[in-house]
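In what follows, a single structure is set out as structure tokens and then discussed.
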There are 2 protein chains.
Amino acid sequence: MKQAIVARTDIGMGQGKLAAQVAHASLSAYEKADDQLRSQWKQGGQKKVVLKGESERQLHELSAIADSEGIPNAVVRDAGHTQLEPGTVTTLAVGPAADDRVDAVTGELSLF
Amino acid sequence: MKQAIVARTDIGMGQGKLAAQVAHASLSAYEKADDQLRSQWKQGGQKKVVLKGESERQLHELSAIADSEGIPNAVVRDAGHTQLEPGTVTTLAVGPAADDRVDAVTGELSLF
């Protein structure tokens, strides 16, 4: 079980901003998962990987693939109080789900 | 309502590692909050700030203060598969709670 969080590298987020947006996506996708997925993932130490995304379009495409596979996922838009324009898409979380199911969506991406 | 996540700056986490550990702390503290705090925080856009911590000791001290104030909080230890020694304390999340209650614990720290 794992969760992959894809963060855009093309919008110049600082480290703290990046971390907050990753956390936002992680929690939002977690809330969409059913109880069994949630508890299995937490029992395994809530494994997470943070991956490099290249564009807003890519995040939406990966989200659509996850939707079609029935994998919980969430795209985050920043409120835009700091650093970014309001509504900027920043991150996508895929899972928690079985490792191979998550890899089928995000397996081509590099670790952040 | 907000949540503050304090991350250690003295252990050399890479950006992706930092983000994953911040997300881990965020979710763990969120799970300790009651339903009312959770829903209020989410309605406000799950506001988060990521702050600089200087040592394991500091994180434990801030956690103890949050405990004494009755504020949900969670200290995260890394599983140690990459970058860090197993069991290394990496992050502390404080809240969700009212802004002034969180600030009473972490208000002296700098933004990451």
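Below, chains carry the letters A, B, ... as their sequence lines are ordered, and counting in each starts from 1. What you are looking at is a predicted structure, and each value in this text was computed from that prediction instead of being measured.
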Chain B-proximal positions within residues 21-30 of chain A [heavy-atom distance under 4.5 Å]:
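Within residues 21-30 of chain A, the residues under 4.5 Å from chain B are A:V22, A:A23, A:H24, A:S26, A:L27, A:S28, A:Y30.
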Heavy atoms under 4.5 Å from chain B: which residues of residues 46-75 of chain A carry them?
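Near chain B, by residue number: A:Q46, A:K48, A:V50.
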Pairs meeting criterion salt bridge (Lys or Arg N to Asp or Glu O under 4.0 Å) with involvement of residues 100-112 of chain B, two or more places apart
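Residue pairs passing salt bridge (Lys or Arg N to Asp or Glu O under 4.0 Å), neighbours aside: B:K2-B:D103.
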Sequence neighbours left out, what pairs pass salt bridge (Lys or Arg N to Asp or Glu O under 4.0 Å) with at least one residue falling in residues 26-36 of chain A?
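Output for this query lists A:E31-B:K42.
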Should [X] and [Y] be regarded as members of a common hydrophobic cluster, given that ILVMFWY residues are connected when their side-chain heavy atoms come within less than 4.5 Å of each other, either directly or indirectly?
X: A:L37; Y: A:I5; value: no
X: B:L109; Y: B:V89; value: yes
X: A:V94; Y: A:L111; value: yes
X: B:M1; Y: A:V76; value: no

